[in-house]
Student: 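Below you'll find the structure I mean.
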2 protein chains.
Amino acid sequence: MFDLKSVTQRLAAGQFKVTRQRQAVLSAIAASHARLSAAEVYTRARRTCRDLGLATVYRTLDILIDIGAIRRVHLDDGCEGFAPASAEHGHHLICGHCHATVEFEECDLTAMLKRVERSTGFKVEQHWLELVGQCPACQEKA
Amino acid sequence: MFDLKSVTQRLAAGQFKVTRQRQAVLSAIAASHARLSAAEVYTRARRTCRDLGLATVYRTLDILIDIGAIRRVHLDDGCEGFAPASAEHGHHLICGHCHATVEFEECDLTAMLKRVERSTGFKVEQHWLELVGQCPACQEKA
DNA sequence: GTGACTGCAAATAATTTGCATTACA
DNA sequence: TGTAATGCAAATTATTTGCAGTCAC
């Protein structure tokens, strides 16, 4: 689970210090249930921590990815965004409208991967899967 | 199929002019069987067309995506790359070592998507899938 | 001929790095 | 207290845009 306490513990368990800035970044991501760009994380985290620098946000995001607390997602404009990662192996489903983000674990590509491996001779090592759609709330509004 | 002739025709069929520069970009991508970054396309296409500008490469790549001749892929460093797109609906399998790229069409996520839709309430509209592995040649070398 | 296309250089945007200072453990 | 972490500003990298000249049709 992505909850503040457990992530803070994981930070401390690593060789990482739990600073005011890191907590602010963490809370901003935890509070938002959408994928955020680095700039968005910066803006939100700054509400809690006035003197936060953008460089620190980038540095913190890297660490959070390292310890598996968040995951990179691909944005439509080519840049990268970040979303909380609860599951060990999960993927993200993102609302194309409001960017609400849900994580799902049911990802059984095994059969497909086998077939692709057989037909191409490649050995598949990792996969990158992201779904875009419309969340319940945005469906109602439409 | 991604073959020079058909893409050239598709260019002409649209309102696009078939210029020396566009042909160079096209040939560079066709010749390489790997995904390329914009800078790599530039370097390669320049061998054929000495006075090619990087801006033109970007402009051309956009057009090629529009007419469905190539597809964006996600690079490990966060930037974007480009790979030939033969099939209407295909995905890419990329060698993590030499970047050789193969397109595959066997992508039946239907069952999985149904399940995800049911459990999340989202309506899935598009999916982004990319596989990374090791190509036959690189497996032998290892 | 003429409007789309181009190169170049300058503008923007996204991210990273260097370094003197601060603050967690 | 010692060292990792920080803010800021400058550096780097990726991409886009403006514009005068050029070329495909």
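Labels below follow one simple rule: chain letters A, B, ... track the order of the sequence lines, proteins then strands, and each chain is numbered from 1.
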Student: C:dT17, C:dA25, D:dT15: which one has an atom nearest the side-chain heavy atoms of A:R59?
Tutor: C:dT17
Student: I want to verify a distance call: between D:dA9, D:dT15, D:dC25, whose nearest atom is closest to the B:A38 side chain?
Tutor: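 For B:A38, the side-chain atoms sit closest to D:dT15.
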Student: List the steps, then state whether salt bridge (Lys or Arg N to Asp or Glu O under 4.0 Å) holds for A:R10 with A:D66.
Tutor: CA-CA 11 Å; A:R10 263 189 279 171; A:D66 276 354; over 6 Å; no
Student: Would you mind telling me which residue lines up with the more 5' stretch of DNA chain D, B:R20 or B:L54, judged by nearest nucleotide?
Tutor: B:L54
Student: What integer distance in Å separates B:Y58:OH from C:dT6:C1'?
Tutor: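 Those two atoms, OH and C1', are 17 Å apart.
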Student: Of the options C:dC8, C:dA4, D:dG7, whose atoms approach the side-chain atoms of A:T56 most closely?
Tutor: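 The answer is D:dG7.
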Student: For A:R22, answer base if it contacts any base atom (sugar-phosphate contacts may also be present), sugar-phosphate if it contacts only those atoms, and nothing otherwise; contact means non-hydrogen atoms under 4.0 Å.
Tutor: sugar-phosphate
Student: Check whether any side-chain heavy atom of B:D51 sits under 4.5 Å from a side-chain heavy atom of B:R20, and report yes or no.
Tutor: yes
Student: Under 3.5 Å, is there a donor-acceptor pair between the A:H89 and A:H91 side chains?
Tutor: yes
Student: Find the distance B:Y42:OH to C:dC8:P and express it as a whole number of Å.
Tutor: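 It works out to 7 Å between those atoms.
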Student: Using the side-chain contact (heavy atoms from CB on, under 4.5 Å) rule, pick out the option among A:I29, A:L64, A:V18, A:I70 that qualifies with A:V7.
Tutor: A:L64
Student: Between B:F16 and A:Q21, who's closer to the 5' end of DNA chain D by nearest nucleotide?
Tutor: A:Q21
